[in-house]
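In what follows, chains are A, B, ... by sequence order, proteins preceding strands, each numbered from 1.
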There are 2 protein chains.
Amino acid sequence: MEISLTEENYMKAIFSLQLNADEVVSNSRLAEHFNTRAASATDMLQRLADKKLVHYKKYQGVTLTTKGHKLAVHIVRRHRLWEVFLYEKLQFKWDEVHDLAEQLEHIQSEELTNRLDKFLNHPKCDPHGDPIPDKKGQIRSDLAKPLTHIIQKGYYRITRVTDHSKSFLNYLTEQNICIGDVVKLEEINAYDASCKLKTTGGQIVFLSQKAASHILAEFKK
Amino acid sequence: MEISLTEENYMKAIFSLQLNADEVVSNSRLAEHFNTRAASATDMLQRLADKKLVHYKKYQGVTLTTKGHKLAVHIVRRHRLWEVFLYEKLQFKWDEVHDLAEQLEHIQSEELTNRLDKFLNHPKCDPHGDPIPDKKGQIRSDLAKPLTHIIQKGYYRITRVTDHSKSFLNYLTEQNICIGDVVKLEEINAYDASCKLKTTGGQIVFLSQKAASHILAEFKK
DNA sequence: AAAAATAATTAGACTAGTCTAAATTATGAG
DNA sequence: CTCATAATTTAGACTAGTCTAATTATTTTT
(Lines give C-alpha, C1' and ligand atoms only; values in the text may rest on other atoms or scores of the structure.)
Protein backbone atom coordinates (compact mmCIF):
# COMPACT_ATOMS: atom_id res chain seq x y z
CA MET A 1 0.00 0.00 0.00
CA GLU A 2 1.15 3.50 -0.83
CA ILE A 3 1.87 5.71 2.14
CA SER A 4 2.37 9.37 1.27
CA LEU A 5 4.97 11.58 2.84
CA THR A 6 2.28 13.46 4.75
CA GLU A 7 0.72 10.25 6.00
CA GLU A 8 4.11 9.05 7.22
CA ASN A 9 4.60 12.30 9.08
CA TYR A 10 1.25 11.93 10.81
CA MET A 11 2.03 8.37 11.82
CA LYS A 12 5.33 9.39 13.32
CA ALA A 13 3.71 12.31 15.12
CA ILE A 14 0.96 10.16 16.63
CA PHE A 15 3.59 7.67 17.78
CA SER A 16 5.75 10.28 19.42
CA LEU A 17 2.92 12.34 20.91
CA GLN A 18 1.60 9.40 22.89
CA LEU A 19 3.78 8.98 25.95
CA ASN A 20 2.56 5.42 26.54
CA ALA A 21 1.27 3.15 23.78
CA ASP A 22 -2.53 3.14 23.56
CA GLU A 23 -2.72 6.73 24.78
CA VAL A 24 -5.29 8.62 22.73
CA VAL A 25 -3.92 11.54 20.72
CA SER A 26 -6.29 14.42 20.06
CA ASN A 27 -6.94 16.16 16.82
CA SER A 28 -5.83 19.49 18.21
CA ARG A 29 -2.45 18.23 19.39
CA LEU A 30 -1.75 16.93 15.92
CA ALA A 31 -2.94 20.13 14.27
CA GLU A 32 -0.73 22.12 16.62
CA HIS A 33 2.22 19.80 16.02
CA PHE A 34 2.03 20.41 12.27
CA ASN A 35 1.13 24.07 12.55
CA THR A 36 -1.95 23.39 10.54
CA ARG A 37 -5.73 23.59 10.93
CA ALA A 38 -7.87 21.13 12.83
CA ALA A 39 -9.87 20.53 9.66
CA SER A 40 -6.75 19.28 7.90
CA ALA A 41 -5.94 16.95 10.76
CA THR A 42 -9.47 15.54 10.72
CA ASP A 43 -9.10 14.90 7.02
CA MET A 44 -5.85 13.04 7.47
CA LEU A 45 -7.08 10.99 10.43
CA GLN A 46 -10.02 9.80 8.36
CA ARG A 47 -7.61 8.89 5.58
CA LEU A 48 -5.38 6.97 8.00
CA ALA A 49 -8.41 5.20 9.46
CA ASP A 50 -9.41 4.12 5.92
CA LYS A 51 -5.99 2.57 5.58
CA LYS A 52 -6.39 0.79 8.94
CA LEU A 53 -3.39 2.57 10.39
CA VAL A 54 -5.27 4.18 13.27
CA HIS A 55 -8.34 3.55 15.38
CA TYR A 56 -10.50 6.60 14.96
CA LYS A 57 -13.94 7.54 16.22
CA LYS A 58 -15.40 10.96 15.60
CA TYR A 59 -14.61 13.40 18.37
CA GLN A 60 -12.61 10.71 20.22
CA GLY A 61 -9.05 11.16 18.94
CA VAL A 62 -6.82 8.35 17.63
CA THR A 63 -4.60 5.48 18.66
CA LEU A 64 -2.38 3.37 16.43
CA THR A 65 -3.47 -0.02 15.15
CA THR A 66 -0.95 -2.87 15.27
CA LYS A 67 -0.21 -2.23 11.63
CA GLY A 68 0.11 1.50 12.23
CA HIS A 69 2.40 0.99 15.19
CA LYS A 70 4.66 -1.19 13.08
CA LEU A 71 4.83 1.44 10.37
CA ALA A 72 5.56 4.26 12.81
CA VAL A 73 8.37 2.31 14.43
CA HIS A 74 9.97 1.70 11.05
CA ILE A 75 9.90 5.39 10.25
CA VAL A 76 11.45 6.16 13.62
CA ARG A 77 14.12 3.56 12.94
CA ARG A 78 14.99 5.18 9.61
CA HIS A 79 15.04 8.64 11.16
CA ARG A 80 17.37 7.68 13.98
CA LEU A 81 19.74 5.69 11.77
CA TRP A 82 20.11 8.65 9.42
CA GLU A 83 20.77 10.89 12.42
CA VAL A 84 23.64 8.61 13.44
CA PHE A 85 24.99 8.71 9.89
CA LEU A 86 24.86 12.49 9.72
CA TYR A 87 26.44 12.85 13.15
CA GLU A 88 29.12 10.19 13.02
CA LYS A 89 30.04 10.05 9.37
CA LEU A 90 29.32 13.54 8.09
CA GLN A 91 30.28 15.34 11.32
CA PHE A 92 27.08 17.32 11.66
CA LYS A 93 26.40 18.69 15.15
CA TRP A 94 23.64 17.11 17.26
CA ASP A 95 21.42 20.14 16.78
CA GLU A 96 21.74 19.96 12.97
CA VAL A 97 20.80 16.37 12.26
CA HIS A 98 17.07 16.44 12.88
CA ASP A 99 15.86 18.41 9.86
CA LEU A 100 17.89 16.44 7.35
CA ALA A 101 16.93 13.11 8.91
CA GLU A 102 13.33 14.24 8.62
CA GLN A 103 13.78 14.15 4.85
CA LEU A 104 15.96 11.06 4.62
CA GLU A 105 13.57 9.00 6.73
CA HIS A 106 10.95 9.01 3.97
CA ILE A 107 12.98 6.87 1.61
CA GLN A 108 11.04 3.65 1.86
CA SER A 109 13.53 0.84 1.33
CA GLU A 110 14.02 -1.96 3.84
CA GLU A 111 17.21 -2.91 2.07
CA LEU A 112 18.63 0.60 2.36
CA THR A 113 17.69 0.84 6.03
CA ASN A 114 19.23 -2.50 6.93
CA ARG A 115 22.43 -1.81 5.03
CA LEU A 116 22.73 1.58 6.66
CA ASP A 117 22.24 -0.09 10.04
CA LYS A 118 25.03 -2.55 9.26
CA PHE A 119 27.33 0.19 7.92
CA LEU A 120 26.87 2.12 11.15
CA ASN A 121 27.57 -1.03 13.18
CA HIS A 122 24.06 -1.50 14.51
CA PRO A 123 23.99 1.57 16.73
CA LYS A 124 21.80 1.36 19.84
CA CYS A 125 21.01 5.07 20.08
CA ASP A 126 20.90 8.21 17.99
CA PRO A 127 22.89 11.37 18.89
CA HIS A 128 20.16 12.47 21.31
CA GLY A 129 20.21 9.12 23.10
CA ASP A 130 16.91 7.92 21.61
CA PRO A 131 16.92 4.15 21.20
CA ILE A 132 16.93 2.80 17.63
CA PRO A 133 14.36 0.07 16.96
CA ASP A 134 15.93 -3.06 15.48
CA LYS A 135 15.09 -4.72 12.15
CA LYS A 136 12.00 -6.32 13.70
CA GLY A 137 10.80 -3.09 15.26
CA GLN A 138 11.85 -4.02 18.77
CA ILE A 139 12.80 -1.07 20.95
CA ARG A 140 15.24 -1.58 23.81
CA SER A 141 13.58 -0.46 27.02
CA ASP A 142 15.06 2.69 28.47
CA LEU A 143 15.62 2.78 32.21
CA ALA A 144 16.66 6.41 32.33
CA LYS A 145 14.49 8.93 34.14
CA PRO A 146 14.17 12.71 33.75
CA LEU A 147 16.35 14.60 36.22
CA THR A 148 13.14 16.02 37.65
CA HIS A 149 12.10 12.52 38.78
CA ILE A 150 15.31 11.76 40.65
CA ILE A 151 15.06 12.13 44.43
CA GLN A 152 18.48 11.01 45.52
CA LYS A 153 21.66 13.04 45.06
CA GLY A 154 24.70 11.31 43.57
CA TYR A 155 26.37 10.36 40.32
CA TYR A 156 24.26 9.84 37.21
CA ARG A 157 25.00 9.14 33.58
CA ILE A 158 23.15 11.37 31.13
CA THR A 159 21.78 9.07 28.44
CA ARG A 160 19.12 10.97 26.54
CA VAL A 161 17.44 14.30 25.85
CA THR A 162 13.78 14.59 24.90
CA ASP A 163 13.75 18.08 23.42
CA HIS A 164 15.52 18.22 20.06
CA SER A 165 15.18 21.91 19.41
CA LYS A 166 18.30 23.78 18.37
CA SER A 167 17.91 26.22 21.24
CA PHE A 168 17.82 23.51 23.90
CA LEU A 169 20.68 21.50 22.39
CA ASN A 170 22.82 24.60 21.98
CA TYR A 171 22.15 25.51 25.58
CA LEU A 172 23.34 22.10 26.74
CA THR A 173 26.42 22.31 24.56
CA GLU A 174 27.26 25.69 26.08
CA GLN A 175 26.83 24.22 29.56
CA ASN A 176 29.13 21.37 28.56
CA ILE A 177 26.53 18.70 28.98
CA CYS A 178 26.75 15.76 26.57
CA ILE A 179 25.14 12.36 26.15
CA GLY A 180 27.21 9.80 28.07
CA ASP A 181 28.60 12.26 30.59
CA VAL A 182 28.55 11.32 34.25
CA VAL A 183 27.43 14.25 36.37
CA LYS A 184 27.06 14.75 40.10
CA LEU A 185 23.57 15.77 41.12
CA GLU A 186 24.27 18.06 44.04
CA GLU A 187 20.97 19.69 44.84
CA ILE A 188 17.36 19.01 44.10
CA ASN A 189 15.10 21.92 44.84
CA ALA A 190 11.82 20.62 46.18
CA TYR A 191 10.10 23.98 45.69
CA ASP A 192 10.47 24.47 41.91
CA ALA A 193 12.03 21.15 40.81
CA SER A 194 15.15 22.90 39.60
CA CYS A 195 18.51 21.31 40.30
CA LYS A 196 22.22 21.93 40.57
CA LEU A 197 24.84 19.62 39.17
CA LYS A 198 28.56 19.32 38.61
CA THR A 199 29.51 18.45 35.05
CA THR A 200 32.30 16.19 33.82
CA GLY A 201 34.45 19.29 33.42
CA GLY A 202 33.81 20.24 37.04
CA GLN A 203 31.59 23.24 36.33
CA ILE A 204 28.51 23.88 38.41
CA VAL A 205 25.31 24.18 36.38
CA PHE A 206 21.84 25.20 37.52
CA LEU A 207 18.99 23.73 35.55
CA SER A 208 15.40 24.93 35.52
CA GLN A 209 12.54 22.48 35.89
CA LYS A 210 11.87 22.81 32.19
CA ALA A 211 15.44 22.01 31.15
CA ALA A 212 15.87 19.23 33.72
CA SER A 213 12.66 17.54 32.62
CA HIS A 214 14.15 16.99 29.16
CA ILE A 215 17.38 15.41 30.38
CA LEU A 216 17.25 11.71 31.14
CA ALA A 217 19.82 9.96 33.28
CA GLU A 218 20.47 6.67 35.01
CA PHE A 219 22.11 5.94 38.32
CA LYS A 220 25.86 5.38 38.05
CA LYS A 221 26.81 2.16 39.81
CA MET B 1 12.71 29.82 -4.81
CA GLU B 2 10.87 26.60 -4.21
CA ILE B 3 11.59 23.84 -6.70
CA SER B 4 9.25 20.87 -6.43
CA LEU B 5 10.35 17.28 -6.78
CA THR B 6 8.63 17.04 -10.15
CA GLU B 7 10.27 20.22 -11.37
CA GLU B 8 13.67 18.89 -10.35
CA ASN B 9 13.02 15.70 -12.25
CA TYR B 10 12.15 17.63 -15.39
CA MET B 11 15.28 19.75 -15.10
CA LYS B 12 17.46 16.68 -14.78
CA ALA B 13 15.70 15.01 -17.69
CA ILE B 14 16.13 18.01 -19.97
CA PHE B 15 19.79 18.16 -19.03
CA SER B 16 20.44 14.52 -19.74
CA LEU B 17 18.29 14.28 -22.87
CA GLN B 18 20.30 16.96 -24.61
CA LEU B 19 23.50 15.40 -25.90
CA ASN B 20 25.18 18.78 -26.34
CA ALA B 21 24.29 21.86 -24.31
CA ASP B 22 21.89 24.15 -26.17
CA GLU B 23 20.27 21.25 -27.97
CA VAL B 24 16.51 21.70 -28.03
CA VAL B 25 14.52 19.02 -26.20
CA SER B 26 11.02 18.33 -27.49
CA ASN B 27 7.87 18.02 -25.50
CA SER B 28 7.29 14.48 -26.71
CA ARG B 29 10.71 13.22 -25.64
CA LEU B 30 10.05 14.51 -22.15
CA ALA B 31 6.57 13.04 -22.05
CA GLU B 32 7.97 9.70 -23.20
CA HIS B 33 10.81 9.88 -20.68
CA PHE B 34 8.36 10.25 -17.81
CA ASN B 35 5.79 7.88 -19.24
CA THR B 36 3.26 10.65 -19.08
CA ARG B 37 1.06 12.66 -21.43
CA ALA B 38 2.21 15.46 -23.65
CA ALA B 39 -0.31 17.75 -21.97
CA SER B 40 1.39 17.23 -18.63
CA ALA B 41 4.78 18.00 -20.12
CA THR B 42 3.46 21.19 -21.69
CA ASP B 43 2.11 22.22 -18.32
CA MET B 44 5.41 21.65 -16.61
CA LEU B 45 7.46 23.38 -19.30
CA GLN B 46 5.31 26.48 -18.93
CA ARG B 47 5.83 26.32 -15.19
CA LEU B 48 9.60 26.00 -15.61
CA ALA B 49 9.61 28.87 -18.09
CA ASP B 50 7.76 31.03 -15.51
CA LYS B 51 10.58 30.28 -13.09
CA LYS B 52 13.18 31.22 -15.74
CA LEU B 53 14.69 27.76 -15.66
CA VAL B 54 14.13 27.04 -19.36
CA HIS B 55 13.78 28.94 -22.61
CA TYR B 56 10.42 27.92 -23.99
CA LYS B 57 8.46 28.96 -27.05
CA LYS B 58 5.22 27.29 -27.98
CA TYR B 59 5.72 24.35 -30.31
CA GLN B 60 9.52 24.91 -30.26
CA GLY B 61 10.72 22.72 -27.40
CA VAL B 62 13.03 23.84 -24.58
CA THR B 63 16.63 24.56 -23.69
CA LEU B 64 18.03 25.33 -20.26
CA THR B 65 18.72 28.88 -19.14
CA THR B 66 22.00 29.58 -17.34
CA LYS B 67 20.12 29.39 -14.07
CA GLY B 68 18.42 26.17 -15.12
CA HIS B 69 21.67 24.60 -16.22
CA LYS B 70 23.22 25.39 -12.87
CA LEU B 71 20.32 23.78 -11.06
CA ALA B 72 20.38 20.66 -13.23
CA VAL B 73 24.10 20.18 -12.68
CA HIS B 74 23.61 20.39 -8.93
CA ILE B 75 20.94 17.71 -9.04
CA VAL B 76 23.23 15.51 -11.12
CA ARG B 77 26.02 16.08 -8.60
CA ARG B 78 23.79 14.97 -5.76
CA HIS B 79 22.60 11.93 -7.69
CA ARG B 80 26.10 10.74 -8.54
CA LEU B 81 27.49 11.32 -5.07
CA TRP B 82 24.70 9.27 -3.53
CA GLU B 83 25.40 6.52 -6.07
CA VAL B 84 29.01 6.41 -4.90
CA PHE B 85 27.84 6.24 -1.30
CA LEU B 86 25.43 3.39 -1.98
CA TYR B 87 28.02 1.50 -4.01
CA GLU B 88 31.13 2.01 -1.91
CA LYS B 89 29.79 2.31 1.59
CA LEU B 90 26.61 0.26 1.55
CA GLN B 91 27.87 -2.37 -0.92
CA PHE B 92 24.97 -2.09 -3.32
CA LYS B 93 25.65 -3.45 -6.83
CA TRP B 94 26.07 -1.01 -9.71
CA ASP B 95 22.69 -1.97 -11.13
CA GLU B 96 20.92 -1.26 -7.82
CA VAL B 97 22.10 2.24 -7.02
CA HIS B 98 20.15 4.28 -9.55
CA ASP B 99 16.62 4.06 -8.13
CA LEU B 100 17.66 4.89 -4.58
CA ALA B 101 19.88 7.76 -5.71
CA GLU B 102 16.89 9.07 -7.63
CA GLN B 103 15.19 9.63 -4.29
CA LEU B 104 18.20 10.79 -2.31
CA GLU B 105 19.12 13.40 -4.91
CA HIS B 106 16.06 15.49 -4.04
CA ILE B 107 17.27 16.42 -0.60
CA GLN B 108 18.16 20.03 -1.21
CA SER B 109 21.02 20.87 1.11
CA GLU B 110 24.30 22.27 -0.13
CA GLU B 111 25.83 21.47 3.22
CA LEU B 112 24.77 17.83 3.06
CA THR B 113 26.04 17.46 -0.50
CA ASN B 114 29.42 18.99 0.26
CA ARG B 115 29.90 16.94 3.40
CA LEU B 116 28.96 13.78 1.56
CA ASP B 117 31.48 14.71 -1.15
CA LYS B 118 34.18 15.13 1.48
CA PHE B 119 33.22 11.90 3.28
CA LEU B 120 33.55 10.01 0.00
CA ASN B 121 36.91 11.65 -0.65
CA HIS B 122 35.81 13.85 -3.53
CA PRO B 123 35.16 11.05 -6.00
CA LYS B 124 35.64 11.89 -9.67
CA CYS B 125 33.10 9.42 -11.04
CA ASP B 126 30.05 7.44 -10.01
CA PRO B 127 29.89 3.62 -10.31
CA HIS B 128 28.93 3.90 -13.98
CA GLY B 129 31.89 6.14 -14.74
CA ASP B 130 29.81 9.30 -15.08
CA PRO B 131 31.81 12.34 -13.98
CA ILE B 132 30.69 14.08 -10.80
CA PRO B 133 30.37 17.88 -11.08
CA ASP B 134 32.37 19.71 -8.41
CA LYS B 135 31.07 22.16 -5.80
CA LYS B 136 30.97 24.94 -8.42
CA GLY B 137 29.19 22.79 -10.98
CA GLN B 138 32.26 22.20 -13.10
CA ILE B 139 32.25 18.89 -14.96
CA ARG B 140 35.57 17.30 -15.86
CA SER B 141 35.66 16.75 -19.61
CA ASP B 142 35.50 13.14 -20.62
CA LEU B 143 37.85 11.99 -23.37
CA ALA B 144 36.44 8.50 -23.63
CA LYS B 145 34.64 7.41 -26.81
CA PRO B 146 32.04 4.71 -27.40
CA LEU B 147 33.60 1.44 -28.60
CA THR B 148 31.63 1.93 -31.81
CA HIS B 149 33.67 5.05 -32.58
CA ILE B 150 37.05 3.40 -32.19
CA ILE B 151 38.77 2.51 -35.47
CA GLN B 152 42.08 1.16 -34.25
CA LYS B 153 42.54 -2.20 -32.55
CA GLY B 154 44.56 -2.30 -29.35
CA TYR B 155 44.31 -1.90 -25.58
CA TYR B 156 41.66 0.37 -24.12
CA ARG B 157 40.51 1.20 -20.63
CA ILE B 158 36.75 1.04 -20.10
CA THR B 159 35.79 4.19 -18.21
CA ARG B 160 32.06 4.62 -18.50
CA VAL B 161 28.71 3.14 -19.51
CA THR B 162 25.84 5.25 -20.81
CA ASP B 163 22.97 2.81 -20.33
CA HIS B 164 22.11 2.35 -16.64
CA SER B 165 19.39 -0.24 -17.05
CA LYS B 166 19.59 -3.32 -14.88
CA SER B 167 19.51 -5.59 -17.91
CA PHE B 168 22.50 -3.93 -19.58
CA LEU B 169 24.54 -3.72 -16.39
CA ASN B 170 23.79 -7.33 -15.50
CA TYR B 171 24.83 -8.38 -18.98
CA LEU B 172 28.18 -6.62 -18.58
CA THR B 173 28.70 -8.16 -15.16
CA GLU B 174 28.06 -11.61 -16.63
CA GLN B 175 30.58 -10.91 -19.40
CA ASN B 176 33.06 -9.82 -16.74
CA ILE B 177 33.30 -6.27 -17.98
CA CYS B 178 33.82 -3.61 -15.31
CA ILE B 179 34.63 0.09 -15.18
CA GLY B 180 38.40 0.53 -15.07
CA ASP B 181 39.20 -2.74 -16.85
CA VAL B 182 41.73 -2.71 -19.67
CA VAL B 183 40.51 -4.80 -22.59
CA LYS B 184 42.04 -5.71 -25.89
CA LEU B 185 39.91 -4.68 -28.83
CA GLU B 186 40.59 -7.48 -31.27
CA GLU B 187 38.12 -6.98 -34.08
CA ILE B 188 35.93 -4.17 -35.33
CA ASN B 189 33.28 -5.29 -37.74
CA ALA B 190 32.81 -2.61 -40.38
CA TYR B 191 29.56 -4.16 -41.60
CA ASP B 192 27.43 -4.02 -38.41
CA ALA B 193 29.71 -2.10 -36.01
CA SER B 194 29.89 -5.06 -33.65
CA CYS B 195 33.22 -5.91 -32.06
CA LYS B 196 35.21 -8.63 -30.38
CA LEU B 197 37.36 -8.05 -27.34
CA LYS B 198 39.44 -9.88 -24.80
CA THR B 199 38.59 -9.05 -21.19
CA THR B 200 40.90 -8.66 -18.23
CA GLY B 201 40.17 -12.26 -17.35
CA GLY B 202 41.21 -13.38 -20.81
CA GLN B 203 37.73 -14.29 -22.07
CA ILE B 204 36.65 -13.41 -25.57
CA VAL B 205 33.46 -11.36 -25.74
CA PHE B 206 31.41 -10.38 -28.78
CA LEU B 207 29.47 -7.16 -28.46
CA SER B 208 26.59 -5.98 -30.63
CA GLN B 209 26.53 -2.45 -32.02
CA LYS B 210 23.90 -1.57 -29.43
CA ALA B 211 25.93 -2.83 -26.48
CA ALA B 212 29.23 -1.41 -27.77
CA SER B 213 27.69 2.02 -28.29
CA HIS B 214 26.99 2.28 -24.55
CA ILE B 215 30.51 1.37 -23.47
CA LEU B 216 33.03 4.21 -23.40
CA ALA B 217 36.76 3.66 -23.39
CA GLU B 218 40.02 5.52 -23.77
CA PHE B 219 43.26 4.47 -25.40
CA LYS B 220 45.68 2.78 -23.03
CA LYS B 221 49.11 4.37 -23.28
C1' DA C 1 1.15 24.60 -52.17
C1' DA C 2 -2.59 21.91 -50.25
C1' DA C 3 -3.70 17.70 -47.83
C1' DA C 4 -2.43 14.36 -44.50
C1' DA C 5 0.04 13.11 -40.61
C1' DT C 6 2.27 14.24 -36.45
C1' DA C 7 3.22 16.99 -32.52
C1' DA C 8 1.93 20.42 -29.16
C1' DT C 9 -1.45 23.08 -26.73
C1' DT C 10 -5.81 24.23 -24.51
C1' DA C 11 -9.93 23.18 -21.95
C1' DG C 12 -11.97 20.90 -18.49
C1' DA C 13 -12.07 17.29 -15.01
C1' DC C 14 -9.98 14.68 -11.22
C1' DT C 15 -7.05 13.67 -6.68
C1' DA C 16 -4.35 14.82 -2.59
C1' DG C 17 -3.74 18.04 0.49
C1' DT C 18 -4.67 22.34 2.28
C1' DC C 19 -7.60 26.32 3.83
C1' DT C 20 -11.82 29.23 5.87
C1' DA C 21 -16.20 29.41 7.68
C1' DA C 22 -20.15 27.25 9.47
C1' DA C 23 -22.26 23.52 11.98
C1' DT C 24 -22.01 19.98 15.38
C1' DT C 25 -20.54 17.54 19.54
C1' DA C 26 -18.33 17.29 24.02
C1' DT C 27 -17.23 19.28 28.44
C1' DG C 28 -17.39 21.54 32.64
C1' DA C 29 -19.19 25.33 35.73
C1' DG C 30 -22.73 26.67 38.15
C1' DC D 1 -28.91 19.38 34.43
C1' DT D 2 -28.26 23.04 31.31
C1' DC D 3 -25.85 26.56 29.04
C1' DA D 4 -21.45 28.52 27.48
C1' DT D 5 -17.25 27.40 25.64
C1' DA D 6 -13.92 24.65 23.50
C1' DA D 7 -12.90 21.01 20.34
C1' DT D 8 -14.08 18.67 16.27
C1' DT D 9 -16.21 17.87 11.95
C1' DT D 10 -18.40 19.14 7.55
C1' DA D 11 -18.88 21.88 3.45
C1' DG D 12 -16.94 24.19 -0.05
C1' DA D 13 -13.01 26.38 -2.23
C1' DC D 14 -8.15 26.52 -3.75
C1' DT D 15 -3.36 24.72 -5.71
C1' DA D 16 -0.19 21.43 -7.84
C1' DG D 17 -0.07 17.95 -10.71
C1' DT D 18 -2.19 14.71 -13.50
C1' DC D 19 -5.50 12.96 -17.10
C1' DT D 20 -8.67 12.75 -21.61
C1' DA D 21 -10.56 14.87 -25.46
C1' DA D 22 -10.61 18.44 -28.63
C1' DT D 23 -8.12 22.03 -31.04
C1' DT D 24 -4.29 24.20 -33.25
C1' DA D 25 0.33 24.38 -35.19
C1' DT D 26 4.02 22.25 -37.64
C1' DT D 27 5.97 19.01 -40.78
C1' DT D 28 5.82 15.76 -44.40
C1' DT D 29 3.96 13.95 -48.44
C1' DT D 30 2.20 14.19 -52.79
Side-chain angles (χ1 to χ4, degrees), chain A residues 1-15 17-19 23-64 68 71-72 75 102-103 105-108, chain B residues 1-14 17-19 23-65 68 71-72 75 102-103 105-108:
Chain A
M1 192 192 6
E2 290 287 304
I3 311 284
S4 77
L5 192 143
T6 316
E7 287 166 348
E8 281 204 352
N9 280 332
Y10 267 83
M11 292 306 294
K12 195 167 63 115
I14 296 165
F15 178 80
L17 286 177
Q18 53 183 190
L19 301 179
E23 187 182 324
V24 170
V25 176
S26 71
N27 186 309
S28 52
R29 287 194 51 190
L30 284 165
E32 185 193 22
H33 181 267
F34 288 111
N35 262 303
T36 188
R37 297 311 171 133
S40 308
T42 300
D43 234 57
M44 186 49 74
L45 296 183
Q46 288 171 342
R47 211 184 298 277
L48 295 174
D50 288 347
K51 297 196 176 182
K52 312 281 183 209
L53 294 171
V54 299
H55 296 296
Y56 170 72
K57 281 204 196 99
K58 278 188 187 179
Y59 297 97
Q60 304 304 142
V62 283
T63 55
L64 298 173
L71 173 63
I75 302 167
E102 196 97 308
Q103 301 188 63
E105 78 191 8
H106 294 295
I107 296 172
Q108 296 174 16
Chain B
M1 192 189 10
E2 289 287 304
I3 312 285
S4 77
L5 192 143
T6 316
E7 287 165 347
E8 282 204 352
N9 280 332
Y10 267 83
M11 293 306 293
K12 195 168 64 117
I14 296 165
L17 286 176
Q18 54 183 187
L19 301 180
E23 187 182 325
V24 170
V25 177
S26 72
N27 186 310
S28 51
R29 292 226 322 178
L30 285 165
E32 186 193 23
H33 181 267
F34 288 111
N35 262 304
T36 188
R37 298 311 172 134
S40 308
T42 301
D43 233 56
M44 186 52 73
L45 295 183
Q46 288 171 342
R47 211 185 297 277
L48 295 174
D50 287 349
K51 296 195 176 183
K52 312 283 184 208
L53 294 170
V54 300
H55 296 295
Y56 170 72
K57 280 205 197 100
K58 278 188 187 179
Y59 297 96
Q60 303 304 142
V62 283
T63 55
L64 298 173
T65 61
L71 173 64
I75 301 167
E102 196 97 309
Q103 300 188 62
E105 78 191 9
H106 294 295
I107 295 173
Q108 296 174 18

For this session: Drop me the distance from A:M44's CE to A:T6's OG1, to the nearest 0.5 angstrom.
Result: 5.0 Å

Exercise. Is B:S4 near enough to D:dA16 that one of its side-chain N or O atoms lies under 4.0 angstrom from OP1 or OP2?
Worked result: no

Exercise. According to a strict under-4.0 Å criterion, is B:R37 in side-chain N/O contact with OP1 or OP2 of D:dT18?
Worked result: no

Exercise. What is the minimum heavy-atom distance between A:L64 and A:H55, and which atoms define it?
Worked result: O-CD2, 3.7 Å

Problem set entry | Where B:Q103 and A:Q108 come nearest, the two heavy atoms and their spacing |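 What the structure gives for the nearest pair is OE1-N, 4.4 Å.
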
Could you tell me how far apart [X] ([atom1]) and [N] ([atom2]) are, to the nearest whole angstrom?
X     : N      : atom1 : atom2 : result
B:N35 : D:dG17 : CG    : P     : 19 Å
B:F34 : D:dC19 : CZ    : P     : 12 Å
A:D50 : C:dA16 : CG    : C1'   : 13 Å
A:L5  : D:dA16 : CG    : P     : 18 Å
A:E32 : D:dA6  : CD    : C1'   : 14 Å
A:N9  : C:dA16 : CG    : P     : 18 Å
A:E2  : C:dT15 : CD    : P     : 17 Å

For this session: Using a heavy-atom cut-off of under 4.0 Å over every strand shown, decide if A:S40 touches base, sugar-phosphate, or nothing.
Result: base

For this session: Summarise protein proximity over nucleotides 3-11 of chain C in one line of letters, 5' to 3': B for base, S for sugar-phosphate only, - for none, counting protein heavy atoms closer than 4.0 Å.
Result: -----SBB-

Exercise. Taking B:L17 as the fixed residue, which of B:K12, B:E32, B:R29 is the one that meets the side-chain contact (heavy atoms from CB on, under 4.5 Å) rule?
Worked result: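 The passing option is B:R29.
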
For this session: Could you check B:V54, B:L53, B:L48 and say which one makes a side-chain contact (heavy atoms from CB on, under 4.5 Å) with B:Y10?
Result: B:L48

Exercise. Would you find a donor on one side and an acceptor on the other, under 3.5 Å apart, between the side chain of B:K51 and the backbone of B:E2?
Worked result: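 Yes, B:K51 side chain to B:E2 backbone: donor-acceptor pair under 3.5 Å.
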
